[in-house]
*Asks:* 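Before we start, here is the structure in question, set down as structure tokens.
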Protein chains: 2
Amino acid sequence: MYITFDFQSDVPLYLQLRNQVVIAISKGVLKPGDHLPTVRALSDESGVNAMTISKAYQLMKQEGYISTERRGGAVVSAGDKEIKVSKDTVNRLDLCISELRLSGMGEEQIVDLCRRLYREEE
Amino acid sequence: MYITFDFQSDVPLYLQLRNQVVIAISKGVLKPGDHLPTVRALSDESGVNAMTISKAYQLMKQEGYISTERRGGAVVSAGDKEIKVSKDTVNRLDLCISELRLSGMGEEQIVDLCRRLYREEE
DNA sequence: TAATTGTATTAATATGCATAATACAAAGAG
DNA sequence: CTCTTTGTATTATGCATATTAATACAATTA
């Protein structure tokens with residue numbers, strides 16, 4: 001599991017981390033039971049402050065993606081726990097599809113792209 | 001064309017405006033040649049500062065979605081001008097699909113949702 | 001017992017968003 | 001031509017959030 005940070009991005013570092021983990025879990029790169037890097041290890045390795053890493057872990061924990069235990073580190077949760085579909089996610093999906101459509105992509109092209117993203121690639 | 005602002009949202013006001021316009025164009029609510037509200041009118045009506053409205057207009061102009069002319073106001077551009085597909089859009093799409101997948105939605109459910117969003121509804 | 005884990009605390013800094021009050025150039029209306 | 005409307009530029013200020021920093025703590029495991 002490789003984490004990369006873009007310090008030029010307008011996306012906050014803690015969200016960059018959270019988003020990469022979510023995608024990795026969805027694509028099977030991270031499986032239930034897998035351990036995430038420790039807060040301090042990832043901080044040292046990336047140069048990002050430990051509290052920023054911790055903030056991402058707390059967010060993912062609250063969202064149900066991972067669980068953290070004393071001394072146990074952060075562990076990817078089993079997929080059985082139902083995670084709520086936020087209306088915000090659908091709104092963001094709507095925006096992405098609108099942008100792709102206005103860029104000239106047709107319905108089937110977009111559907112194909114979505115299928116590829118769902119299955120794993122890219 | 002109704003614009004609504006959520007002052008509690010973490011999405012900046014100028015981006016809220018931009019996103020709503022992009023979606024409206026994609027869904028045909030706004031058509032090429034249509035006029036957007038004037039900066040001052042939308043500012044007065046919504047309570048959002050005029051410079052914030054202007055910032056959204058400048059962004060949409062730069063992205064190619066609208067054009068602004070002196071005295072002419074803001075006009076929705078024709079769809080012929082090719083708008084670049086940013087890699088950022090695909091990344092955000094990837095994140096949305098991953099979130100939906102982890103919430104329990106299957107491939108076909110997601111594809112159906114995407115088709116509906118593409119065609120207009122919601 | 002000693003070390004490692006996520007986390008809490010407090011403080012400081014930086015960046016971006018938003019507002020406010022004005023002013024200007026261009027272009028259409030009369 | 002004159003006046004009004006349009007988007008835009010300018011400058012300043014306030015505010016929220018992100019990030020860093022330096023410690024410290026509780027729980028758990030080796």
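Owing to the predicted nature of the structure, the values given are computational and were not obtained by experimental measurement. We name chains A, B, ... by the order of the sequence lines, and we start the count at 1 in each one.
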*Asks:* Is Asp88(B) salt-bridged to Arg92(B), cutoff N-O under 4.0 Å?
*Replies:*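 Answer for the salt bridge query: yes.
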
*Asks:* Rounded to the nearest 0.5 Å, what's the gap from CD on Gln58(B) to CD1 on Ile53(B)? Could you check?
*Replies:*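 Gln58(B) atom CD to Ile53(B) atom CD1 measures 12.0 Å (nearest 0.5 Å).
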
*Asks:* Mark yes or no for whether Ser103(A), through its side chain, and Leu100(A), through its backbone, hold a donor-acceptor pair below 3.5 Å.
*Replies:*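 Present.
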
*Asks:* Send over the distance from Leu42(A) CG to dG6(C) C1', rounded to a whole Å.
*Replies:*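 About 13 Å, once rounded to whole Å.
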
*Asks:* Can a salt bridge be assigned to the pair Glu108(B) and Arg115(A) using a cut-off of 4.0 Å between side-chain N and carboxylate O?
*Replies:*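 Looking at Glu108(B) and Arg115(A), the cut-off is met.
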
*Asks:* Using whole Å, what does the distance between atom C1' of nucleotide dA21(C) and atom CG of Asp44(B) come to?
*Replies:*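 For the pair Asp44(B) CG and dA21(C) C1', the rounded distance is 15 Å.
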
*Asks:* Using only atom types and a distance under 3.5 Å, with no angle test, would you say the side chain of Ser43(A) pairs donor to acceptor with the backbone of Val39(A)?
*Replies:*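 No, the answer is negative, given that no donor and acceptor are paired below the 3.5 Å cut-off.
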
*Asks:* Salt-bridge test for Arg119(B) and Glu107(A): reply yes if a basic N is under 4.0 Å from a carboxylate O, no otherwise.
*Replies:*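 Yes, charged N to carboxylate O under 4.0 Å.
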
*Asks:* Ignoring hydrogens and geometry, is there a side-chain-to-backbone donor-acceptor pair from Asp34(B) to Leu30(B) under 3.5 Å?
*Replies:*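 Not a single qualifying donor-acceptor pair exists.
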
*Asks:* Do nucleotides 13-19 of chain D as a string where each nucleotide becomes B, S or -: B if the base has a protein heavy atom under 4.0 Å, S if just the sugar-phosphate does, - if no protein is that close.
*Replies:* -----SS

*Asks:* Would you kindly give the CD-to-P distance between Gln8(A) and dA14(C), to the nearest whole Å?
*Replies:*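 For the pair Gln8(A) CD and dA14(C) P, the rounded distance is 17 Å.
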
*Asks:* Within the sub-3.5 Å range, which N or O atoms of nucleotides 6-11 of chain D have a protein N or O partner, and how far apart are they?
*Replies:*
from   : atom 1 : to       : atom 2 : distance (Å)
dG7(D) : OP2    : Val39(B) : N      : 2.9
dG7(D) : O3'    : Thr68(B) : OG1    : 3.4
dG7(D) : N7     : Arg40(B) : NH1    : 2.9
dG7(D) : O6     : Arg40(B) : NH2    : 2.8
dG7(D) : N2     : Arg70(B) : NH1    : 2.8
dG7(D) : N3     : Arg70(B) : NH1    : 2.8
dT8(D) : OP1    : Lys61(B) : NZ     : 3.3
dT8(D) : OP1    : Thr68(B) : OG1    : 3.1

*Asks:* Could you name each residue pair satisfying salt bridge (Lys or Arg N to Asp or Glu O under 4.0 Å) that touches residues 8-18 of chain B, not counting sequence neighbours?
*Replies:*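 Of all non-adjacent pairs touching residues 8-18 of chain B, those that pass salt bridge (Lys or Arg N to Asp or Glu O under 4.0 Å) are Glu99(A)-Arg18(B), Arg18(B)-Glu63(B).
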
*Asks:* In whole Å, what is the span from the CD1 atom of Ile53(A) to the C1' atom of dT5(C)?
*Replies:*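 It works out to 15 Å between those atoms.
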
